[in-house]
Amino acid sequence: MTAEPSSANRLTLKFHDHKLLPLLFGQHDRNLARIEQKLKVTLACFGNTMEITGDNSTTPMAKAALEALYRRLEKADGACAMDLGTVDAAVSWALNCSDPDGNPDLSRFEDHSATVETLKRPVAPRSPNQHTYVRALLETELVIGLGPAGTGKTYLAVAVAVSMLKRRAVDRLILSRPAVEAGERLGFLPGDMKDKVDPYLRPLYDALYDMMPGDQVERLLGNGEIEVAPLAFMRGRTLANSFVILDEAQNTTPTQMKMFLTRMGENSRMCVTGDLSQVDLPFGAKSGLRDSLTILANVRGVHITEFSAADVVRHPLVTRIVNAYNKRESALVDGRSSR
């Protein structure tokens, strides 16, 4: 595969193995359409040659993304999946990473050291921040992941936890959330204690079932190797040889956060995730997650990753929604500061 500049805003790519092109392009060329949409370029293919037309900033990004995706197919001999999520990931790296000369740098996108093997399939980071986050989860004792919905904070943490449980690096996986309602009052819930708290923990179950076959999830839940419990159940425990995840941590109080963090035992890892723009605590109550950021900022063994709208890996509209809310909140802050 070679790239030849043919004008100020046009690049030509030549692919050596034309048999890989249907996989690269996707069904009905949907992968190419996604790159065109995101980078505002035009892609035209003639045999095994592709012309990329756009402005001077976006054509090198499209070229770098296409080259990285093609190399991924080459290395796997066409056996790897090339879905829209993978295409979005390549575009995200092209947009957000550059080398010292200012050229798009996708070397970490092609680095598989941050790809984790779950019991169903491999899970790979899809943005620079996600790559940093996964590396921290693999190497650091306490990781805090902050950012908006859809950035993979909880999903990637569960993936790393399942991979560590799979290779017996830890003995147990413990998933927890504070049982706080999202701006609603659900009232009395029927059933036993499990029936009452399970609705609050459902997102954690969803992530588990995405990483493991259902019968294995049920078996490991039954024998205690996986535990899903509300935060209130953590008090008084010492969690050794475990991977412990606290989700929706913005809804903890400072006292609860301290209680949770001090549960760490020998050979344990902890991950705390949350979105400070979605605090559901009573008005005036201080978020334990926000409080912990100041306290733990310079503590050795703690890593903090802050995600942004650029890291959202859900439907593209989610990114636009997050950006719209952030824009309004910035305007409100600017308005208050100018008074």
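In what follows, every heavy atom counts, from backbone to side chain, and hydrogens, waters and symmetry copies are set aside.
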>> If the condition is ring pair (Phe, Tyr, Trp, His ring centres under 6.0 Å), which residues does Phe307 pass it with, not counting sequence neighbours?
In response: Tyr133
>> Would you say that Leu289 contacts Ser292 through its side chain, given a criterion of any heavy-atom pair below 4.5 Å between the two side chains?
In response: yes
> Got Leu146 and Asp275 here, is their nearest side-chain heavy-atom distance under 4.5 Å?
Replying inline: no
> Phe46 and Leu24: same hydrophobic cluster, using ILVMFWY side-chain contacts below 4.5 Å?
Replying inline: no
> Can Thr132 and Asn129 be said to form a side chain to side chain donor-acceptor pair (under 3.5 Å), step by step?
Replying inline: CA-CA 5 Å; Thr132 300; Asn129 270 340; 5.1 Å; no
>> How close do Pro178 and Asp247 get, counting heavy atoms only, and between which atoms?
In response: CD-O, 3.2 Å
>> Treating Arg34 as the side-chain partner and Gly85 as the backbone partner, does any N or O pair qualify as donor plus acceptor under 3.5 Å?
In response: no
>> For a quick test of reading the model, state the closest non-hydrogen atom pair linking Asn48 to Leu21 and the distance between them.
In response: CA-CD1, 3.9 Å
>> Within the supplied structure, the quantity of interest is the number of heavy atoms (other residues, nucleotides, ligands) at a distance under 6.0 Å from Glu218 CD; does it exceed 12?
In response: yes
>> Tell me whether the rings of His131 and Trp93 are parallel (<30°), tilted (30 to 60°) or perpendicular (>60°).
In response: perpendicular
>> Please check if the number of heavy atoms outside His112 that lie under 6.0 Å from its NE2 is greater than 12.
In response: yes
> How far does CG of Asn267 sit from CG of Asp171, to the nearest 0.5 angstrom?
Replying inline: 7.5 Å
> Can you name the side chain to side chain contact (heavy atoms under 4.5 Å, CB included) partners of Ala136, sequence neighbours left out?
Replying inline: Thr140, Val143, His303
> Distance from Met270 atom CE to Leu246 atom CG, nearest 0.5 Å?
Replying inline: 8.5 Å
> Under the 3.5 angstrom rule, does the side chain of Glu36 hit a backbone N or O of Leu43 as a donor-acceptor pair?
Replying inline: yes
> Are Tyr209 and Leu173 connected in the hydrophobic side-chain network, where two residues link if heavy atoms are under 4.5 Å apart?
Replying inline: yes
>> Check this for me: does any side-chain nitrogen of one of Arg168 and Glu225 sit under 4.0 Å from a carboxylate oxygen of the other?
In response: yes
> Atom CG in Leu39, atom OG1 in Thr58: separation rounded to 0.5 Å?
Replying inline: 6.5 Å
>> If we ignore hydrogens and angles and just use 3.5 Å, is the side chain of Ser242 paired with the main-chain N or O of Val244 as donor and acceptor?
In response: no
>> For Asp101, is there any backbone N or O sitting under 3.5 Å from a side-chain donor or acceptor partner on Asp99?
In response: yes
>> With a 4.5 Å cut-off on side-chain heavy atoms, are Val299 and Leu142 touching?
In response: no
>> If we ignore hydrogens and angles and just use 3.5 Å, is the side chain of Thr86 paired with the main-chain N or O of Met82 as donor and acceptor?
In response: no
>> Run the side-chain contact (heavy atoms from CB on, under 4.5 Å) test on Glu67 and Leu106 for me, step by step, so that the C-alpha distance in whole Å, both residues' side-chain angles and the decisive distance to 0.1 Å come before the verdict.
In response: CA-CA 9 Å; Glu67 286 177 331; Leu106 276 76; over 6 Å; no
>> Within the 4.5 Å heavy-atom criterion, are Val162 and Lys120 side-chain neighbours or not?
In response: no
>> Measuring only between side-chain heavy atoms, which start at C-beta, is Asp55 closer than 4.5 Å to Asn9?
In response: no
>> Please determine whether a side-chain nitrogen of the Lys or Arg among Arg126 and Asp88 lies less than 4.0 Å from a carboxylate oxygen of the Asp or Glu.
In response: no
> Would you find a donor on one side and an acceptor on the other, under 3.5 Å apart, between the side chain of Lys153 and the backbone of Pro148?
Replying inline: yes
>> As an exercise, state the distance from CG of Asp210 to OG1 of Thr118, rounded to the nearest 0.5 Å.
In response: 8.0 Å
> Would a distance-only check, ignoring hydrogens and angles, find a side-chain to backbone donor-acceptor pair under 3.5 Å from Thr273 to Gly145?
Replying inline: no
> Do you know the tightest heavy-atom contact between Gly288 and Met257?
Replying inline: O-CG, 3.7 Å
> Distance from Ser127 atom OG to Leu95 atom CG, nearest 0.5 Å?
Replying inline: 11.5 Å
>> Tell me the closest heavy-atom pair linking Leu137 and Cys271, and the distance in Å.
In response: CD2-SG, 3.7 Å
> Do other residues, nucleotides or ligands put more than 12 heavy atoms under 6.0 Å from the CD atom of Glu139?
Replying inline: yes
>> For a side-chain contact (heavy atoms from CB on, under 4.5 Å) check, start with the C-alpha distance between Leu221 and Tyr205, then their side-chain angles and the critical distance, and finish with the verdict.
In response: CA-CA 10 Å; Leu221 284 169; Tyr205 284 111; 3.9 Å; yes
> Do Tyr155 and Leu84 sit in the same hydrophobic cluster, where Ile, Leu, Val, Met, Phe, Trp and Tyr count as joined when their side-chain heavy atoms come under 4.5 Å apart?
Replying inline: no
> Checking side-chain contact (heavy atoms from CB on, under 4.5 Å) for the pair Lys63/Leu13: CA distance, chi angles, key distance, verdict?
Replying inline: CA-CA 7 Å; Lys63 167 184 168 293; Leu13 270 176; 4.3 Å; yes
>> Ignoring hydrogens, what is the shortest heavy-atom contact between Asp291 and Pro254? Give both atom names and the distance.
In response: OD2-CB, 3.6 Å
> Taking only residues two or more places apart in sequence, or in another chain, which ones meet Ala240 in a side chain to side chain contact (heavy atoms under 4.5 Å, CB included)?
Replying inline: none
> What's the verdict on side-chain contact (heavy atoms from CB on, under 4.5 Å) for Glu74 and Tyr70, showing C-alpha distance, side-chain angles and the deciding distance?
Replying inline: CA-CA 6 Å; Glu74 267 191 323; Tyr70 180 82; 3.3 Å; yes
> Between Ser163 (side chain) and Val160 (backbone), is there a donor-acceptor pair under 3.5 Å?
Replying inline: yes
> Is the NZ or CZ atom of Arg72 positioned over Phe109's six-membered ring, under 6.0 angstrom from the centre and within 45° of the axis?
Replying inline: yes
> Counting only N and O atoms by type, is there a donor-acceptor contact under 3.5 Å from the side chain of Ser268 to the main-chain atoms of Phe243?
Replying inline: no
> Is the number of heavy atoms from other residues, nucleotides or ligands under 6.0 Å of Glu306 CD greater than 12?
Replying inline: no
> So, the side chain of Asp311 versus the backbone of Thr151: is there a donor-acceptor pair under 3.5 Å, distance only?
Replying inline: no
> Closest approach of Arg290 and Leu276, non-hydrogen atoms and distance?
Replying inline: NH2-O, 3.6 Å
>> Would you say that Met50 contacts Leu32 through its side chain, given a criterion of any heavy-atom pair below 4.5 Å between the two side chains?
In response: yes
> Heavy-atom distance under 4.5 Å between the side chains of Asp17 and Leu73, does that happen here?
Replying inline: no
> Quick one: does Ile35's side chain get under 4.5 Å of Ile52's, heavy atoms only?
Replying inline: no
> To the nearest 0.5 Å, how far apart are SG in Cys97 and CG in Asn103?
Replying inline: 13.0 Å
